[in-house]
Amino acid sequence: MTITITAFERSPDGGKGLARDTRVRWALEEVGQPYTVRPLSMQAMKEAAHRCLNPFGQIPTYEEGDLCLFESGAIVFHIAERCAGLLPAEANARSRAIMWMFAALNSVEPAILEIVVVKFAEGDKPWASERMPLVFDRIRQRLRPLSDRLGEAEWLDGAFSAGDLIMVSVLLRLRLSGILDEFPNLAAYVARGEARPAYQRAFVAQLAQATGNPAPV
Ligand code: GTB
């Protein structure tokens, strides 16, 4: 069955892979599922046709037959459940991989998103420059225990899983800030994720979309 996802027609990040369609593309590439992309302008995202798919008027969405999903975490979970390669077969290990997906989305990503809030939504407020260091301190409060738990391991719990896919996707948002360099094992973890051929394919595809240059075949 054809899988169609939505993505920014022109990602505001210019193709750095930070928009959340990248994690969905990455999951599809990991499990070898072909997909097509319906690019959306900012305006189209807010129109009724798209709000039927995502009431919040955002990307990414996922359509497969009569199934339509929004929320990148739910989409990656759906892909991981249906196709081999992203969740372990053993029940407890599977639950732990799902736990790491939730940890990335609920315990790590919200702290990181505060950077965007302070920079863009509150950037003109007189207290914005004082708030930013506090935001970074709160991010460190998440990165330190994550770094301790990862230790010298390659992935968070045994083999690479959807938990790592989401965690790496979330941490990638921090690369430009330099804060990952304070946690060399996390920086190496993110680099390992980015080095995966499936990530590379996803990255190239979103870059082609963002820049308007078709990806080389
Ligand atoms: N919780 C939802 C999910 O995980 O799917 C959040 C979806 C979401 O935030 N979508 C964003 C969106 O549609 C794109 S990914 N924004 C348009 C709108 O709300 O009107 C977030 C994003 C946007 C831009 C960059 N960037 O430029 O670097 C990075 C990430």
Side-chain angles (χ1 to χ4, degrees), residues 3-30 35 37-64 67-81 86 97-123 132 135-136 139 142 161-180 190 193-194 199 202-212:
I3 293 170
T4 303
I5 68 167
T6 52
F8 283 125
E9 191 172 49
R10 290 282 179 271
S11 179
D13 73 359
K16 292 192 182 71
L18 300 177
R20 288 182 178 85
D21 58 294
T22 304
R23 55 186 73 167
V24 172
R25 294 173 190 263
W26 184 7
L28 289 166
E29 292 287 354
E30 288 283 351
Y35 64 97
V37 179
R38 189 164 61 252
L40 293 177
S41 65
M42 293 288 184
Q43 190 193 323
M45 259 179 242
K46 306 301 172 198
E47 286 169 2
H50 185 66
R51 282 193 195 270
C52 283
L53 306 180
N54 180 340
F56 306 115
Q58 294 189 309
I59 60 98
T61 57
Y62 174 103
E63 292 155 81
E64 182 185 11
L67 173 69
C68 172
L69 296 172
F70 63 95
E71 284 298 330
S72 57
I75 296 169
V76 170
F77 182 46
H78 167 80
I79 295 164
E81 282 230 296
L86 283 173
I98 295 165
M99 168 188 77
W100 279 116
M101 293 181 68
F102 277 91
L105 295 169
N106 280 350
S107 296
V108 181
E109 192 166 50
I112 294 173
L113 291 181
E114 283 301 300
I115 299 176
V116 181
V117 173
V118 177
K119 242 192 208 168
F120 299 106
E122 301 171 353
M132 196 57 112
V135 164
F136 276 100
I139 293 171
R142 293 305 188 200
S161 77
D164 296 297
L165 187 152
I166 297 286
M167 189 65 83
V168 168
S169 300
V170 163
L171 295 178
L172 268 168
R173 195 85 179 249
L174 288 174
R175 210 202 352 231
L176 288 178
S177 74
I179 196 173
L180 276 180
V190 169
E194 287 179 287
Y199 178 83
F203 183 86
V204 166
Q206 67 74 37
L207 178 63
Q209 178 94 57
T211 57

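Counting starts at 1 for both ligands and their atoms, following the listed order. Only this structure's heavy atoms are used, side chains among them; waters, hydrogens and symmetry mates stay out. When a residue number appears, it is its place in the shown sequence, counting from 1.
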Under 4.0 Å from a heavy atom of [X]: give me the atoms of ligand 1 that qualify, with their elements.
X   : result
P60 : 5 (O)
K46 : 18 (C), 19 (O), 20 (O)
A19 : 15 (S), 29 (C), 30 (C)
L18 : 28 (O), 29 (C), 30 (C)

Item to complete: Have a look at E47 and tell me which of H50, Q43, R51 forms a side chain to side chain donor-acceptor pair (under 3.5 Å) with it.
Response: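 That would be Q43.
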Exactly one candidate in R173, R142, R20 meets salt bridge (charged side-chain N to carboxylate O under 4.0 Å, His left out) with E109; the answer is R20
Is it the case that ligand 1 has an N or O less than 3.5 angstrom from some N or O of [X]?
X    : value
S11  : no
I59  : yes
R173 : no
R23  : no

Nearest to [atom], what protein heavy atom do you find, and at what distance?
atom                    : result
atom 26 (N) of ligand 1 : D13 CB, 3.5 Å
atom 5 (O) of ligand 1  : S72 N, 2.8 Å
atom 2 (C) of ligand 1  : E71 OE1, 3.3 Å
atom 19 (O) of ligand 1 : Q58 NE2, 2.8 Å
atom 8 (C) of ligand 1  : R20 NH1, 3.3 Å

Is it the case that the side chain of [X] and the backbone of [Y] share a donor-acceptor pair, with hydrogens and angles ignored and the cut-off at 3.5 Å?
X    : Y    : result
T4   : E63  : no
N54  : F70  : no
D164 : V168 : no

Original post:
Should F8 be listed as contacting ligand 1, given a heavy-atom distance under 4.0 Å as the test?
Top reply: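 So F8 counts as touching ligand 1.
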| K16: heavy atom below 4.0 Å from ligand 1, yes or no? |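 Flag not set, K16 not near ligand 1.
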Under the criterion side-chain contact (heavy atoms from CB on, under 4.5 Å), I'd like the reasoning laid out for V24 against Y35: C-alpha separation, chi angles, the key distance, then a yes or no.
CA-CA 10 Å; V24 172; Y35 64 97; over 6 Å; no
Which heavy-atom pair separates [X] from [Y] by the least distance, and what is that distance?
X    : Y    : value
A111 : V135 : O-CG1, 4.1 Å
F203 : K16  : CE1-O, 3.3 Å
I115 : M132 : O-CE, 3.8 Å

Check your understanding: Between L28 and I5, is any pair of side-chain heavy atoms under 4.5 Å apart?
Key -> yes
